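Written below as C-alpha cells is the structure these notes are about.
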Amino acid sequence: MEKRVRLRFAPSPTGGLHMGGVRTALFSYLFAKKHGGDFVLRIEDTDQTRYVNGAEEYIINSLKWCGIEPNEGVGFGDGPYAPYRQSERKELGIYKKYADQLLASGHAYIAFDTSEELDEMRKRLEAAKVVAPQYNAVTRQNMRNSLTLPENEVKKLIESGLPYVVRLKVPRNEEIRFHDIIRGWVTVNSSQVDDKVLLKSDGMPTYHLAHIVDDIEMKISHAVRGEEWLPSAPSHILIYRYLGLEHDMPKLAHLPLILKPDGNGKLSKRDKSGLPMFPLDWFDERTGEKYVGYRESGFTPDAFINMLALLGWNPGDNREIMSKEELISNFSFERVNKSGAKFDPEKTKWFNQQYLRMKTDEQLADAVIPLLEAKGIHKEKAFVVEFCRLIKEKAHFITEFFDLGSYFFISPNSYDEKVMTKKWNHESKELFTKLAVKFESISNWDSQTLHDCFQTAQTEIGKLDMQVLRVLTTGVAGGAQLFDLLALLGKEEVIARLNASLSIL
RNA sequence: GGCCCGUUCGUCUAGGGGUUAGGACGCAUCCCUUUCACGGAUGAAACACGGGUUCGAUUCCCGUACGGGCUACCA
C-alpha cells in the first residue's frame, strides 16, 4: 500500500525567506496538491544562536502571500504531529530517544572534544598534508571519545558535567548508494563521509538528526531540498539505516540551485539585478539591512509563482503562463532539471506583465488607488479605471502606473525638449492657439469627437503635429493614446493646459 | 585540494541515435500608426572539447575542460 503523500517545508528562522526557499516550498506544495496529499510547515530552529526575531512570522506571511499554504504546521493549525517547532520537540525528548538508540546499537558514540581540540586536530592534519581534515573512522582514534576512553572514564566524565556531543559512527570504507528522484542513483564512499554530530553539547539535535527524526515521525513521503544538501545525503542514509528505518525513509529530491543572473554562483540575498530576492519586504533587525519584496515591487503572487515554477521545471510543452491549478496538475519531479538555472530578471518582468494584462481595469484601479492616495492624489474611481485602461499596456508593474502616467494627475511644467526643438517653429503657436479655440467649441468632449475635431481643424488652419499636441498637454513625448487621454483629462483641464503652455512658449 | 552534481541560442528551456535542433525572454528589421503603445511578420543566435560504440552521434560510454555545490557542535 502506497504511503499517503506528505511533504514538508522546513526552513530555519535565521532570516527572511529568500526566493530559492520559496521555490523549494512551491515544488513541494505542487507535488503534495497534485497527489491529494499534505503540505506541512515545520520550523527548524535548533540553532538558538542564529534565531532571528520575526523570521518565523515572515515565513508564514510569505507563504500566505504566495498562495502556497500548508494545511498543517506552525502558523497553519497544528495537525496530528504537533508540535512543529523543533525547539519544542526537543523538550519532549524526541531526538534524544533516537540518539540513545544509535548509541545503544553502537552506531553512534560520545565525544568530549572541545572546539579548541577540534581546531588543533584540523591543523595537525593539514600540516600532515591531509587535504580534507575530518572527524572520521581514522581520526576519531586520536580524539577524546567513548571509543578511545575506557568505559568507566566516560561515565565519570559525563557525571562530572563535562559537555559532550553524540556523533554518528561512520564505517571506514563502504559504498553508500541512494536514489534521488531528480538525479537518479548517486554513490559515495563512506570514507568521504565524516562522523556527523547528531546531538550538540547544548542538548539540541543538529539538522542531520532532527530532520530525519521528524520526517519519520511526521510520516513525510518526499523530502525536497536544495542541491547544497546532496553531499550530506549519505550521512542521512546511514542514520536511517542504523535506526532500522531505511525502508520507511522519504524519497529524496534535490533541486537544482538558482544562480545569479550575471556571473556565477548561487543567487544571494543581495543581487544587483534590480529585482527583489524576497517575496515580501524584509528588515533584518540584527544587521539593520532592508530588502525589498516582490509584493511591494508590484508583482502579483501568481506571476511570481509562475516564474519560480519555470526556474528548473517545465510542463514538457511550450506553455509558460500557467495558473496555480495548471501548475499543480502538470507538476512532476521527473520534469525538474538537474542543472542550475540562472535567474532572469527580464523574463521575470515579462511574467508580471502578462498577469497584469489579464486583470480588468476595475481590478487594476483597486490596486492603484491606494498607491495614488499615498501620494496625496484623490480621484474618483471611474477616472482611475480609465487611467488604468490607458496605461496598462506600458506597465510591467502596478507600481509603475503613476510614473508612467503622472501627467494624468499633474499639469506639465516643462516640455520635452527634443520634440520641441524638432517640431516647434514660429508658426506653431498660432496654429495651436487656433486649435485651442476649436477645442473650446466642442460640446461633446470624447475621444472620437476630439479626433474628428483635430482632423477637420487641419483643413482649415493647416497641418498640426500630434506629438506637439501631446507635449503641449502632457509635457512628455510619449504616453497613452492621445485623444483618449485628452478625453479623460476633461475639456476644462485640457484648455487650461493648452493656454498655459502656449503662453510660455 | 578532495568528494559530489552538472554542461542545447546571451538567458529559461523542448528534444533525443538519422530533425531545416522547436518555443519563450531579450535583441534587430519590417508592417500597422500624423502621437504613444499593443499587435503582427521576419531575422541573428545553441548541442563545451577529445576519444570511443555505431552504417550514423547533439543524443549512449569514457576522458578533458568549464561551471556549481559541499568540505562546522549552521541549516
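Keep in mind it's a predicted model, so treat the numbers as computed, not measured. These values consider heavy atoms only, across backbone and side chains, with no hydrogens, waters or symmetry-generated copies. Numbers restart at 1 for each chain; the letters A, B, ... are given by sequence-line order, proteins then strands.
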Please enumerate all protein N or O atoms sitting under 3.5 Å from an N or O of nucleotides 1-4 of chain B, with distances to 0.1 Å.
{"unit_1": "B/rG1", "atom_1": "N2", "unit_2": "A/Val131", "atom_2": "O", "d": "3.3"}
{"unit_1": "B/rC3", "atom_1": "O4'", "unit_2": "A/Gln192", "atom_2": "OE1", "d": "3.4"}

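- Between A/Arg335 and B/rG15 there is a side-chain polar atom (N or O) within less than 4.0 angstrom of OP1 or OP2.
- Atom OH in A/Tyr415 sits about 17 Å away from atom C1' in B/rU35, given to the nearest Å.
- Judged purely by distance below 3.5 Å, without hydrogens or angles, the side chains of A/Ser191 and A/Asn173 never pair a donor atom with an acceptor atom.
- Ion pairing between A/Lys123 and A/Glu120 fails under the 4.0 Å rule for side-chain N and carboxylate O.
- For B/rC38, the base is syn relative to its sugar; the glycosidic angle is within 90° of 0.
- Within 4.0 Å of A/Lys349, counting heavy atoms only, lies no atom of the nucleic acid at all.
- Nucleic acid contact for A/Glu228: sugar-phosphate only, since backbone atoms but no base atoms lie under 4.0 Å from a heavy atom of the residue.
- For the pair A/Asn314 and B/rA14, the criterion of a side-chain N or O lying under 4.0 Å from OP1 or OP2 is met.
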Shorter than 3.5 Å, N or O on both sides, protein versus nucleotides 60-65 of chain B: list them out with atom names.
none

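- Nucleic acid contact class of A/Ala111 (heavy atoms, under 4.0 Å, all strands): none.
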Listed pairs, N/O of protein and of nucleotides 43-46 of chain B, under 3.5 Å:
none

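- Note on A/Lys200: a side-chain N or O is less than 4.0 Å away from OP1 or OP2 of B/rC74.
- In this structure, A/Leu464 reaches the bases: a heavy-atom distance under 4.0 Å links it to at least one base atom across the strands shown.
- Listed by chain and residue number, A/Lys196 satisfy the salt bridge (charged side-chain N to carboxylate O under 4.0 Å, His left out) test with A/Asp194 (two or more places apart in sequence, or in another chain).
- Salt bridge A/Lys269/A/Glu289: absent, no basic N to carboxylate O contact under 4.0 Å.
- Under the salt bridge (charged side-chain N to carboxylate O under 4.0 Å, His left out) criterion, A/Lys96 pairs with A/Asp100, sequence neighbours left out.
- To the nearest angstrom, C1' of B/rG23 lies 12 Å from CZ of A/Phe351.
- Across all strands, A/Gln455 comes closer than 4.0 Å to base atoms (heavy-atom distances).
- For the side-chain contact (heavy atoms from CB on, under 4.5 Å) criterion with A/Phe9, the lone passing option out of A/Thr24, A/Val224, A/Val40, A/Leu26 is A/Thr24.
- Using a 4.0 Å heavy-atom cutoff across all strands shown, A/Thr49 reaches no nucleic acid atom at all.
- Summarising the geometry, the separation between CG on A/Leu199 and P on B/rC74 is reported as 11 Å, rounded to the nearest angstrom.
- Side-chain proximity of A/Tyr207 to B/rC36, B/rG39, B/rA75: nearest is B/rA75.
- Listed pair A/Arg167 / B/rA72 fails the phosphate criterion, with no side-chain N or O lying under 4.0 Å from OP1 or OP2.
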Using atom names, set out every protein N or O paired with an N or O of nucleotides 7-12 of chain B below 3.5 Å, distance rounded to 0.1 Å.
{"unit_1": "B/rC12", "atom_1": "OP1", "unit_2": "A/Lys342", "atom_2": "N", "d": "2.9"}
{"unit_1": "B/rC12", "atom_1": "O2'", "unit_2": "A/Leu310", "atom_2": "O", "d": "3.2"}

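- If you check every strand for non-hydrogen atoms under 4.0 Å, A/Gly479 touches a base.
- A/Arg319 comes within contact range of no nucleotide atom at all, as no heavy-atom separation falls under 4.0 Å.
- What you find for A/Glu217 and A/Tyr98 is that their closest heavy atoms are OE2-OH, 2.7 Å.
- A/Arg225 comes within 4.0 angstrom of no nucleic acid atom, judged by non-hydrogen atoms across all strands.
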